[in-house]
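Heads up: the structure comes next, in structure tokens.
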Amino acid sequence: MEQTEQQYVTIKEFATLANVTTQAVYKRLNQTDSALNKYVQYNGKMKLISKEALELFVDSQPLTQNDVSESAYDEVSLQTQNNLFSAYFDATLKVLSDQINSKDAQIKELMNCNMDQNQKMQEQLMAKDKQITELQRLIDQQQQLHRAEQEQFRLITTATDEKNEKKGFFKRLFHKKEEVSV
């Protein structure tokens with residue numbers, strides 16, 4: 001049992017020994033025709049792999065011409081993908097930048113329109129204030145005239161009442177004739 005534990009290691013330990021990532025080991029294990037699969041053993045739910053499989057792993061063996069061409073193809077493919085993503089993101093960035101510039105222009109135009117309307121409203125408000133001031137002045141004059149008329153009427157009625165009260169009926173009757181004759 002002790003010998004089995006020394007012969008078999010976890011996938012993570014195997015990847016460290018083979019100088020590759022655990023994903024690379026799992027990728028090789030998931031290939032249907034992989035010679036690596038016969039070195040796998042299960043300990044419960046844990047997958048163990050024999051140290052003997054290191055000889056079969058790609059990084060421990062010299063690279064073949066096929067491996068070099070696949071690696072070069074992967075690099076070219078990756079570069080092509082990077083170029084496509086870069087072009088896509090550049091185009092998207094340009095579209096978004098154009099939209100932002102358009103929105104900025106619309107905002108500026110709306111602000112100018114708003115400022116013009118605000119200025120017109122301020123002018124109208126000032127004109128209304130002048131009208132209100134003029135109307136208040138006219139109302140004050142009208143009230144003063146009305147008070148003056150009332151005072152005159154009061155004075156006239158008071159003078160008339162005083163004359164009528166002091167004289168009797170015959171005096172008033174004859175006095176008028178005297179005033180008329182004078």
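Worth saying up front: this structure is predicted, and the values here are computed from it rather than measured.
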Donor-acceptor pair between Gln150 and His146 side chains, under 3.5 angstrom: yes
Pairwise side-chain contact, Asn83 with Phe85, heavy-atom cut-off 4.5 Å (strictly under): no
Evaluation steps, salt bridge (Lys or Arg N to Asp or Glu O under 4.0 Å), between Lys94 and Asp90: CA-CA 6 Å; Lys94 183 180 180 344; Asp90 287 344; over 6 Å; no
Joint cluster assignment, Tyr8 & Met46, ILVMFWY side-chain distance < 4.5 Å: yes
Arg147 side chain reached by Glu151 side chain, heavy atoms, under 4.5 Å: no
Gln142, CD: over 12 other non-hydrogen atoms inside 6.0 angstrom: no
Gap between atom CD1 of Ile11 and atom CD of Gln23 - 0.5 Å precision: 11.5 Å
Asp104/Lys108 salt bridge by N-O under 4.0 Å criterion: no
4.5 Å side-chain heavy-atom contact, Glu52 and Gln7: yes
Closest non-hydrogen atom pair between Val9 and Glu13, with its separation: CB-OE1, 3.3 Å
Rounded distance [0.5 Å steps], CD1 in Ile107 versus CG in Asn112: 12.0 Å
From Leu155 atom CG to Gln152 atom CD, the distance as rounded to the nearest 0.5 Å: 8.0 Å
Gap between atom NZ of Lys128 and atom CE of Met121 - 0.5 Å precision: 12.5 Å
Whether Asn43 side chain and Thr10 backbone form a donor-acceptor pair below 3.5 Å: no
SB check Arg137 Glu134 (cutoff 4.0 Å): yes
Derivation and outcome, side-chain contact (heavy atoms from CB on, under 4.5 Å), residues Gln99 and Leu96: CA-CA 5 Å; Gln99 287 177 352; Leu96 293 175; 3.7 Å; yes
Co-membership, hydrophobic cluster, residues Tyr42 and Tyr26, 4.5 Å side-chain: yes
Between CG on residue Leu110 and NZ on residue Lys103, distance to nearest 0.5 Å: 10.5 Å
Side-chain donor or acceptor of Thr92 paired with backbone N/O of Tyr88 under 3.5 Å: yes
Residue Glu109 excluded, over 12 heavy atoms near CD under 6.0 Å: no
Lys12 NZ to Thr22 OG1 distance, which is reported to the nearest 0.5 Å: 8.0 Å
Sub-4.5 Å side-chain heavy-atom contact between Val20 and Phe14: no
Exam field: side chain Ser86 to backbone Asn82, donor-acceptor pair closer than 3.5 Å: no
Flag, side chain of Ser97 to backbone of Leu93, donor-acceptor distance under 3.5 Å: no
pair Leu29-Ile49: side-chain heavy atoms closer than 4.5 Å: yes
